[in-house]
Amino acid sequence: MKSLFRQHHYAITVTLRRLLAQPISSLTNLLVIALALALPLLGASFLISIEPVAKQVSVTPELTVFLKTDAASTVAEQLARRIRDEHAEQIVKVRVISKQRALEDLRANPAWEQALKVLPVNPLPDAIVVELAPVDDLAKRADQLANVLRKWQGVDIVQLDSAWVQRLEALLRFGRIGLLLLALSVMLVVLATVFNTVRMQALSQREEIGVARLVGATESFVRRPFLYLGALTCSLAALISLGIARLTLAPLNDALASLARTYDAEFALTLPAPLVLTACVLIVAALGALSARWSVQRNTRF
């Protein structure tokens with residue numbers, strides 16, 4: 001156990017010595033990886049922050065059922081009662097707006113007052129407004145319910161106010177897929193950067209590695225410092241990317257706060273939870289070690 005601990009201690013010492021021996025190159029690699037990692041981190045911050053706001057702002061869509069103009073005044077109440085009975089699990093509230101009430105509301109609007117005075121009869125139909133319950137696949141379920149109501153006798157038009165819900169869901173889905181693709185692209189950049197860094201280190205240490213093998217050093221002993229080099233480089237770069245992301249969010253949040261105040265609201269972009277960030281740092285470190293292992297296996301065969 002003590003021997004293994006000494007070997008790891010030696011590997012870490014060698015790794016730090018190699019990093020400090022070429023400060024400009026090491027710092028450049030750290031900044032390149034950190035800037036690449038900051039991009040998906042900022043994207044994740046935006047998605048994480050916008051989804052709760054979208055859920056709060058997302059008022060439940062409504063179905064408006066317009067009856068035929070020649071329908072009896074009792075038909076609206078009958079259909080409203082039927083909707084409550086047959087689709088209770090999908091709705092929150094049903095209200096009937098009579099044609100007379102709709103006409104009075106329009107007359108209260110100065111833009112319509114003069115136009116309505118010349119009409120001999122009330123041209124408006126009775127209407128039923130159905131407030132839908134928040135459920136999964138809300139847009140799909142609302143469209144299915146609208147198709148059912150269109151087939152009922154006495155119904156003329158069913159207006160579904162869910163286009164904005166579909167657009168919001170599509171935008172969030174697009175954002176998640178885009179963030180995933182961006183994260184995969186960044187992962188390739190990290191792997192390529194670490195691979196090339198370890199390759200250059202292995203080639204520059206070729207004579208030293210040869211001498212170590214001659215005196216009986218094992219392959220794991222020879223390769224261990226390079227694995228630590230990859231893991232340590234990616235870990236430091238991940239921590240730097242957190243700082244870059246936090247500094248970037250500060251001016252963005254100031255601008256968003258000014259915008260939100262004009263709507264009497266509060267909104268700010270936040271980084272993912274500390275546990276998630278810790279997991280991300282560990283994953284990036286593991287990717288760096290794997291890339292370093294691949295590189296050192298390919299470039300120390302001499």
Take Thr233 and Leu236 through the test side-chain contact (heavy atoms from CB on, under 4.5 Å) and record every step on the way to the result. CA-CA 5 Å; Thr233 299; Leu236 292 175; over 6 Å; no
Kindly determine whether Leu145 and His87 satisfy side-chain contact (heavy atoms from CB on, under 4.5 Å), including the steps that lead there. CA-CA 9 Å; Leu145 179 58; His87 304 281; 3.6 Å; yes
Check against side-chain contact (heavy atoms from CB on, under 4.5 Å), Leu132 and Val92: CA-CA 5 Å; Leu132 303 179; Val92 174; over 6 Å; no
Please walk me through it: do Leu184 and Val186 pass side-chain contact (heavy atoms from CB on, under 4.5 Å)? CA-CA 5 Å; Leu184 291 176; Val186 168; over 6 Å; no
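Hydrophobic side-chain contacts under 4.5 Å tie Ile97 into a cluster, directly or through other members, with Val129. Cluster partners of Ile177, using a side-chain heavy-atom cutoff of under 4.5 Å among ILVMFWY residues and allowing indirect links, are Leu181. Side-chain heavy-atom separations under 4.5 angstrom define the hydrophobic clusters, and Val276 shares its cluster with no other residue. Taking a 4.5 Å side-chain heavy-atom cut-off between Ile, Leu, Val, Met, Phe, Trp and Tyr, the cluster of Phe66 extends to Ile157.
One hydrophobic cluster, built from ILVMFWY side chains closer than 4.5 Å, holds both Val281 and Leu42.
Counting heavy atoms from C-beta on, the side chains of Thr64 and Ile128 never come closer than 4.5 Å. Counting heavy atoms from C-beta outward, Cys234 and Val194 have side chains that approach closer than 4.5 Å. Residues Leu47 and Arg176 form a side-chain contact, since some pair of their non-hydrogen atoms from C-beta on lies under 4.5 Å apart. Using a 4.5 Å heavy-atom threshold, the side chains of Val94 and Glu131 count as separate. The side-chain heavy atoms of Leu67 and Val65, taken from C-beta on, include a pair separated by under 4.5 Å.
To the nearest 0.5 Å, atoms CG (Leu277) and CG (Leu41) are separated by 6.5 Å. In this structure, CD on Gln90 lies 11.0 Å from CD1 on Ile83, to the nearest 0.5 angstrom.
Side-chain atoms of Arg293 never come within 3.5 Å of backbone atoms of Leu227 as a donor-acceptor pair (strictly under, hydrogens ignored). Distance alone, capped at 3.5 Å, is enough to place a donor-acceptor pair between the Ser49 side chain and the Ser45 backbone.
For the side-chain contact (heavy atoms from CB on, under 4.5 Å) test, residues two or more places apart in sequence or in another chain that qualify with Lys68 are Asp70, Asp156. Here Glu86 pairs with Arg82 under the salt bridge (charged side-chain N to carboxylate O under 4.0 Å, His left out) rule; sequence neighbours left out. Residues satisfying the side-chain contact (heavy atoms from CB on, under 4.5 Å) test with Ala279, not counting sequence neighbours, are none. Not counting sequence neighbours, Arg81 has no partner by the salt bridge (charged side-chain N to carboxylate O under 4.0 Å, His left out) test. Not counting sequence neighbours, the partners of Arg150 by the side-chain contact (heavy atoms from CB on, under 4.5 Å) test are Ala146, Asn147, Val158. The side-chain contact (heavy atoms from CB on, under 4.5 Å) search around Ala72 returns Thr74, Val75, not counting sequence neighbours.
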Return all side-chain donor-acceptor pairs below 3.5 angstrom for residues 239-252, not counting sequence neighbours, or 'none' if the list is empty.
unit_1: Ser241; atom_1: OG; unit_2: Ala238; atom_2: O; d: 2.5
unit_1: Thr248; atom_1: OG1; unit_2: Ile244; atom_2: O; d: 2.7

Could you give the side-chain donor-acceptor pairs of residues 28-36 under 3.5 Å, partners two or more places apart or in another chain?
unit_1: Thr28; atom_1: OG1; unit_2: Ile24; atom_2: O; d: 2.8
unit_1: Asn29; atom_1: ND2; unit_2: Ser25; atom_2: O; d: 3.3
unit_1: Asn29; atom_1: ND2; unit_2: Thr197; atom_2: OG1; d: 3.2

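Between Gly230 and Ala292, the shortest heavy-atom contact is CA-CB, 4.0 Å.
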